[in-house]
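So that the names make sense, note that chain A is the first sequence line, chain B the second, and so on, each numbered from 1.
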Amino acid sequence: MLTIKNLHASIEGTPILKGINLEVKPGEVHAIMGPNGSGKSTLASVLAGREEYEVTEGEVSFKGKNLLELSPEDRAREGVFLAFQYPVEIPGVSSTNFLRTAVNQVREYRGLEALDAVKFLSIMKEKMKLVEIDQKLLSRSLNEGFSGGEKKRNEIFQMAMLEPTLSILDETDSGLDIDALRIVSNGVNQLKSSENATIVVTHYQRLLDYIVPDFVHVLYNGKIVKSGTKELALELEEKGYDWIKEEADAASV
Amino acid sequence: MSKDNQILEELTSKDYEHGWSVDMEVDEAATGLNENIIRWISAKKEEPQWLLDWRLKAFKTWLDMKEPEWANVTYPKIDLQGLKYYSAPKKSNKPKSLDEIDPELLQIYERLGISLNEQKKLQGIAVDAVLDSVSVGTTFKDTLSKMGIVFCSFSEAVKEHPELVKKYLGSVVPMTDNYYAALNSAVFSDGSFCYIPAGVRCPMELSTYFRINAANTGQFERTLIVAEEGSYVSYLEGCTAPQRDENQLHAAVVEIYAAKNSEVKYSTVQNWFPGDKNGKGGIYNFVTKRGICAGDFSKISWTQVETGSAVTWKYPSCILKGDNSIGEFYSVAVTNNYQQADTGTKMIHIGKNTKSRIVSKGISAGKSQNSYRGQVQVMKRATNARNFSQCDSLLMGDRCGAHTFPYIDIQNSSAKVEHEATTSKIGEDQLFYCNQRGIATEDAVALIVNGYAKEVLNQLPMEFAVEAQKLLALTLEGSVG
């Protein structure tokens, strides 16, 4: 589904990603871990098409298409979803209105008919249960005055509505208490299928207790320096990142 | 940022949608302005002597006045002698029903999406359509007249209700008020007149569509709305104009009189030709709009969505004379390309316990300049006056300007006046967030702008609000930055 080959990216001339290779197949959950500043969030942003980042080398193919050639909105319409670490506020625009615009534009791209208000609301009610989100929250301005937990739940709710094939969760666990973490993870798990894949970007192992990954990759200094299964995450939790850094630094000398 | 700016430039190339004109035989006054022209207009309109005298007096006053220069706008001097002061489509000879109206005229409205017939049936709006200077169709008049409501063209009101016109004309905006008001008083062509008798609640939104058609014709509309004790009316005004190369002057006067316990809501959606993307052409809109809350517990509310005109100079105001009276001003003003807008309001508190509320949302894009100019004045007698003002500016791109000029003058220490102001830019973060959900940049801008202007749009009657939303999106197409 997603193939990343030798991906290099920089921001304002500073290289951040220095040769990422990753293969994600349908039905898989990949965790990207790593110390602060290793390039985890950059990877998520580059995949979603954030324009501040310049791709200097490498290829990314998504469902056979060259992802890097697509505009951010077309990537989304093709099925790439990014759950933001810091969801943006849009005053005066209700979550419902926002999502209806999004869902219908995605549907149009996929050659599907637009959903009318009634149909949209009934689908919305169904998906609201997944993340235990209140309809009142959705009629408020998007993310404005939402608590950290509400913002993240809203992200996963949007994910449920947009039915992406590749979901990238960028530090979704940051700022969540244990209950919110459980609710959000629950939502993500229920959305999992053999058709779609998830990339979980996180600093801590904690989230992976709930969203169990098939593969764990450690990103350090712009490269994946170690890959393994969920046991690797546990090992990191126990030992920290220093040993990985040392290994990687030794190898690069 | 640079890419956004590029999108902006590519997309602002969109031409004005309503830019066309229909050739029609037109009955025009000779070019220029002098006493004879005024006599000619008055005679043409079969006006009584008192009205001609009133016009002439205004003209004499105007001759001694100077064009104001304090507004934050620049434009070449208008050659007022180079304009024609009256232009009426020849074929419209006092129609009694829509059937009698020139199909060519009706077609213009239809191309603008204003079908009298449809509006009549679907929206329950009585439409007094003004093409250039003469009213060509008034609907729902019968229904309204049964309730004692008068809603007709100004010329008709002069003939059929001279006593009302004589009593209120110039009572809120005196002919000597300002340069353009004096000019309007001298040469006004036509407009609307609305009278709501005591205790009557007008059952429908009253609406007038203005349209400037003939080239080089100054338009001088005159609107007078009188709400008697305990009455209510909601009045809508909306306009579009065809594309012209020469600048057209529009200097309208709107007067509202609200008696005790009455309420008048006046909503405008203004979409006159703003000039092309190089700043060529466009309408000059120098309007005087003022209402007086003459009676206790009366209320006047102005709502405006301003997207058009090359230069706008407009301050719908409320004189809060009656005790406990309320004045409101809700405004969205959008400027793009080389447009300039200097708009705002005046709230003059004279009565006790008077309240006013100002919500102004400016949106600037392209190389435009957008100014809010507002005055809150609390007079000595106005014990416990309250004002709340909120002036927000939204910038798109880095070559436009937003300015705020609030004037506050308090002469009574019990007054409470609040002023809040914010300036923001459409953030790249917001756009990227929308993009990431599959929303195209242009639609994202429309969404964000409509959200920003929501508080004002909510004040508009439903069908008008939808229209206004579309207009905002259209005006700002490609203005991301």
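- Contact of V80(A) with chain B is made through backbone and side chain together, with heavy-atom distances under 4.5 Å.
- In this structure a side-chain-to-backbone donor-acceptor pair under 3.5 Å is present from N370(B) to A333(B).
- Using a 4.5 Å cut-off between heavy atoms, F98(A) contacts chain B through both its backbone and its side chain.
- If you measure heavy-atom distances from Y452(B) to chain A, the contacts under 4.5 Å come from the backbone alone.
- The residues K5(A) and E57(A) are annotated as not salt-bridged, no charged nitrogen and carboxylate oxygen being separated by less than 4.0 angstrom.
- Each of A76(A), S94(A), G49(A) has some count of heavy-atom pairs under 4.5 Å with chain B, and the biggest count is that of A76(A).
- For R50(A), the parts sitting under 4.5 Å from any heavy atom of chain B are the backbone and the side chain alike.
- Only the backbone of E89(A) comes within contact range of chain B, judged by heavy atoms closer than 4.5 Å.
- Ring centroid separation for the pair F329(B) and W302(B) does not come in under the 6.0 Å cut-off.
- For Y86(A) and Y433(B), the gap between ring centers reaches or exceeds 6.0 Å.
- Proximity of a side-chain donor or acceptor of Q430(B) to a complementary backbone N or O of G427(B) within less than 3.5 Å is detected.
- Within the 4.5 angstrom heavy-atom criterion, atoms from both the backbone and the side chain of P87(A) approach chain B.
- Neither side chain, H203(A) nor E171(A), offers a donor N or O lying under 3.5 Å from an acceptor on the other.
- Using a 30° and 60° split on the angle between ring planes, H419(B) and Y372(B) fall in the tilted class, from 30° to 60°.
- Ionic pairing of K314(B) and E306(B) is present here: one or more N-O contacts between side-chain nitrogen and carboxylate oxygen are shorter than 4.0 angstrom.
- Ranked by heavy-atom pairs under 4.5 Å with chain B, the list V106(A), D74(A), I90(A) is led by I90(A).
- Along residues 141-152 of chain A, the residues that come nearer than 4.5 angstrom to chain B, judged on non-hydrogen atoms, are L142(A), N143(A) in order of number.
- Using modelled atom types, no side-chain atom of E52(A) and backbone atom of I11(A) make a donor-acceptor pair closer than 3.5 Å.
- Only the side chain of L162(A) has a heavy atom closer than 4.5 Å to any heavy atom of chain B.
- Residues R153(A) and E132(A) are not paired through a salt bridge, judged by the lack of any N-O separation under 4.0 Å between the basic side chain and the carboxylate.
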